[in-house]
Amino acid sequence: MDIPKTYDPKQAEESHYARWEREGCFAPEVNSDPAAPVYSIVIPPPNVTGSLHMGHALQHTIMDVLTRYYRMRGRRTLWLPGTDHAGISTQIMVERQLKKEEGKTRHDIGREEFTARVWKWKEQYGGEITRQMRREGASVDWSRERFTMDEHLSRAVREFFVRCYEEGLIYRGPGMINWCPKDQTALSDLEVDKESQAGKLYYLQYPVKGSDRRLTVATTRPETMLGDTAVAVSPKDERYADLVGQTLLLPIVGREIPVVADEFVDPEFGTGAVKVTPAHDPADYALGKRHDLPQVTVIDQHARMTSEAGAEFEGLDRYEAREKVVQKFEELGLLEKVVDYEFSITKCGRCRTVIEPLISTQWFLKQSELGREPLRLIREQHEPRFVPENPYEKVYENWLAGLYDWTLSRQLWWGHRIPAWYDGKGNVYVARTEADARAQAGTDELEQDPDVLDTWFSSALWPISTLGWPDEDSPDLKTFYPTSVLVTARDIIFLWVSRMMMTGMKFAGKKAFDDVYITGTIFDKHGQRMSKTKGNGVDPLDVFDKYGVDATRLVLASIGSTDTRWNDNQVESYRNFANKIWNAARFCLLNSEGARVGHGFEGEPKTWALHDRWIVSRLHKTAREVGAAVEAYQFHEAVYALYHFFWDDFCDWYIELSKSDVTAADASPERDAARGRVLTVLEQALRLLHPFMPFITEELWQRLPGVGKDSLHAAYRAADVTPTVMLAEFPRADESLIDEQAEEELRSVIELVSRVRNIRTELSVKPGEYLPRLFVGTPDRGMRYVFANSAEQITRLTRASKIFVTDRLEKSSNGGGEIPRASARAVLAGGAEVAVPLEGLIDFAQERARITREREKQEKELQKAEAQLANPQFVERAPAEKVEELRRRAAEVGQRMKALGEMLEALGE
RNA sequence: GCCCGCUUAGCUCAGUGGUAGAGCACACGCUUCACACGCGUGGGGUCGUAGGUUCAAGUCCUACAGCGGGCACCA
C-alpha cells in the first residue's frame, strides 16, 4: 500500500464532497428511521453578492459540527442553505456594471430590463458563497437551497405584508426617516451607523422681536437654520422664562418664529436654547409635533438646498450652504463663536454617505406589537436560550423592550415590490395579487407602488418561509420547525434573531429556534476588527490553501463564542495534528495485513491486556466528553479532548505500547489481533473526529479494512449510499468499559517510563545507549504485577536491557544483584521507587543536586499541606473528604521525602 | 450617562471554591524502522490593582484601572 508520509489536504478535500452531495447524504431523507428525532438549522442567509469571510467560516464550522454530530447520532438532520437578495448592494453592483459596460443608468433601460439584468447577474455571480461552502465541507441540503426572491418566498413576503396591513400593524404615512442622498432611498435605523467625528459647534444669535436682545443657539448644522420654525428652552430655565411665548426674527430668512418651552431641552447643554428644525432632525420632528410647529423642508433628496431655503441658497450642496450661512451670520454680526466639537454623525451602512434625516411618506411596521410575544417569552421563560447567555439575553431583551416603527419601503428596483396599488383617486388597495387588488378596487386602472421592501423584511421570515410557509400544512414546516438553533454573529441579533422570533411566533405560533448561538468576533493579530476598507482581513480560502480545511475548522471550532485575535500559529499546530492523524493511520495501515476493524477485542474486558483496557476506557471517556461538550456548545472542550486523546493517549502511548505486537515479523493470531485493535481504536477515533474534520477522517476511513455498510448507524443502513464515516454512528460512551483501575495502573507505567527518561536526559545518557538494569520496588503486590507484566514495554520505551521488580529496593534478593551506590533514583506517585544503575556514567554531584531539587519541591508541597492540616478550622469546617484527601496527599509526599532522603544517603551525603 | 464582557506563561487562549493548564514560542538532546508538520526532556505565572466573604479565592462580592462592546444622549 502506498501512503505518502505527509498528509495532503487538497487531495482529500477534492475527493469526497461531490459524492456525499450526489448520493444525498446531506438530506434528511437519508435517514430511514421514522421515529428518529429531528435536528434542524436554517443558515442565516448570507448576502448573495458576498464572498466568504472569516466570520462566515466560523459560523459555518459551528453549524456543520452540530449537523454532522447529530446526524451521526441518528437524528433526522436538516441544515438548510440559501442567500438573501441584498437589495441595495446588488442593485448598486449591477448599476455600476451597467455604467461601466454600456455607459447607461438604470433609468435608461427601464425597470423591467434592469430587473432582468439583476437576475442575470445573480445567476452568473451570485453562486460564489455557495461554491465556497462546498469547499468548507458544509453538509447542507442543497436540494432545499432557498433564495429570498424565489417565487415561494416572495409569496410569503406578500402574505406577511397583507396580514399585517389588515391587522393595522403596517401603515403608510409621512414620517422622519433616514435618507441616503447617494443611494436615493430610505433606510431603517439598523442600516445606518453612527460614527463620532471631529466638527464644530456654531453659536448663532437670533434677534428677539421688538427688543435688542438676542437669543443664542448652538448647532453643528448651521445650514438647517434656514428651516427653523422655533427655538426651544427648558420650562425650568429661569434665564429664558420671560422669552417663552415671544417671537424671534430668524436671520437671513426673516421668518418670525416662536420661543417654546419643552422638557426635552437640557438647560446645562450648550446655551440651553435649541433651534428647532422639524423637517431635518428626528428630535426636532418630535418636538415640532408636540408644539404643532410648521415643517419647512430646506434640503432635498439630493442633499441640496430647496427653494424654501431662499433663492441665494437654492441648489447649493448642504456643505456649501453651511459655509455660506456661517459667512452670512458673520457679516450680520450674529455669529457669537465657533468651537471645536466632537459629535456623532449618521452614515449609510452601505456607502458611508452622511444620512439626511427627511420627512417622507413611507410604509412602516409597528414592530412593538410584533415584539410583544417574544419579549414575554424571553422574560418569563428565557427562551430562546442564548449561548453564551451573557450578555446576549439581555441585549436581546432590551432591544425588544424598546422597539419602534420600522421603515419598510425602499426606493429601489431590486426586491419584493410592495403589494399595494393606487387608483388615482388617492385610494390604496393592499392585496396578495394584482387581481385581488382590482377586485377590491372595482377597476383595472391601478398602479402598483413603485417601492420595494427592506431585504430584512424577507429575512425575517426565513425560518418559516424556507420550510414552506404560508402553506401551513407544508411537510417540512411540520417536521423541521421550530429549528434547533440559530448560529450567527452578535451584530445580527436585532436584524435577524429578534425579527425571526417575531414572525415565527406570529405566523407559526412557536419560537423560531430553541437556542441562539452567538459566535465570537475574529480580529487581526493587532486586535483590530477585520474589514475590507482596512484591508486587514484574513481570507479563509487562503488559510484553507495553506493549512487545509480540517485544520482551519479545528481552530474555528475552538474559537466558538470567544473574541479572538487570529493567529496562523494555531492553524499550523492543527495542520500538524492532521498530519499526526495521517501518520498514525499510516502506521496502522502499513501493519494491517491479516487484520480488520472490529476484531481483536474479543472476550471479557477483564481478560484483556492492561494497555488495551486502558485505551478502551480512554476512548469511551473521550466519546462521553466530546458528546457532552458538543451538546453544550463547548466546542473548545471537544477539540481539546480529541486532540489529547488522539495525540497523547493513542499515538504516544497506545501505539507505542502495542508496537512490538503489531510489528511482529511473523504472522500469528496474536499479531493480527493486536493489529485489529489499533485499527479498531483508530476507526472509532475517526468517527469522533469526523464532525470537526470531515475530509481527513473520510479519506482515511475509506481505506480501513473491514468498514462497510455494517459500520453505518442503523438509521442509514437502508440508504443507497457508499458507506461513509459521516453516516457511521458517533461512538456512544459505554460506562461499563470505563475502567478507572486500568487507567490508574497505566498511569503508573507511564510515570515510570517518564521518570526513567527524565533520568536519562538529566544525566546525559546518550539516546542510543541501553541502560543495563532497571530496578523498581514497591510493597504493593498489584503494582508489582503491573510492572512485571509490562516489562517488555517498559524496557523498550526506556531503552533498558532488563527490569527487576521487587518489594523493596534496598534488598539483596531482588534477582538483579545488589543495587550499586552509583544509581540514579526516583520515587513515583504511588510510592514505588526506581533505581537506574549507571556505573561509570553517573556524576554523583549532579545526581545529588537533581534529587535535592526534587526534594525541595516536595518539601514545599508538604509544608503547605501540613500548615493547612494544622489549622483546626480547616479540619472542622471543610468537608471530610477534602480533609481526608489532603491527609492522604501529605502522607504520600512524606513517604517520597523519606525515600528521597534515603537516596541522598545512598549517594553518599 | 446606563448596562455588559474581558484582563491568567513571551504570544493566542482554557480553567467546575480545594496541588495553576494547553498550543505556539523558548532551551537542550535526537536521521529511535508512522510522522522533523516528528521524538524525548526541560525552563517559564505573587492569575490587572485594592479591599471583602470563606477553613480555603484565578474562581464569589465591592471599588478602581486598562481594553472592548451595546444602549441612550450628542442643540
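Naming: A, B, ... by sequence-line order, numbering from 1 per chain.
Between B/rA34, B/rC74, B/rG18, one nucleotide has an atom nearer to the side chain of A/Lys882 than all others, and that is B/rG18. The side chain of A/Asn576 lies closest to B/rC37 when the candidates are B/rG69, B/rC37, B/rA34. For A/Trp647, taking side-chain heavy atoms from C-beta onward, the closest of the listed nucleotides B/rC37, B/rC24, B/rG38 is B/rG38.
Dashed line: the shortest gap from a side-chain N or O of A/Lys5 to OP1 or OP2 of B/rC35 is under 4.0 Å. Between A/Lys580 and B/rC39 there is a side-chain N or O to OP1 or OP2 distance below 4.0 Å.
Note: OH (A/Tyr643) to C1' (B/rG21) measures 14 Å, nearest angstrom. For the pair A/Asn398 CG and B/rA72 C1', the computed distance is 11 Å after rounding to whole Å.
Because its NZ or CZ atom is not both nearer than 6.0 Å to the ring centre of A/Tyr341 and within 45° of the ring axis, A/Lys200 does not count as a cation-pi partner of that residue.
Each of A/Phe494, A/Trp496, A/Phe386 was compared with A/Tyr396 under the ring-ring contact (aromatic ring centres under 6.0 Å, His included) criterion, and only A/Phe386 meets it.
Side-chain N/O atoms of A/Tyr206 and A/Arg214 include no donor and acceptor closer than 3.5 Å. In this structure, a donor-acceptor pair under 3.5 Å is present between the side chains of A/Asp262 and A/His291.
Backbone-only contact: A/Phe264 has heavy atoms under 4.0 Å from sugar-phosphate atoms and none from a base.
Taking atom P on both B/rC6 and B/rU62, the two are 14 Å apart, rounded to the nearest angstrom.
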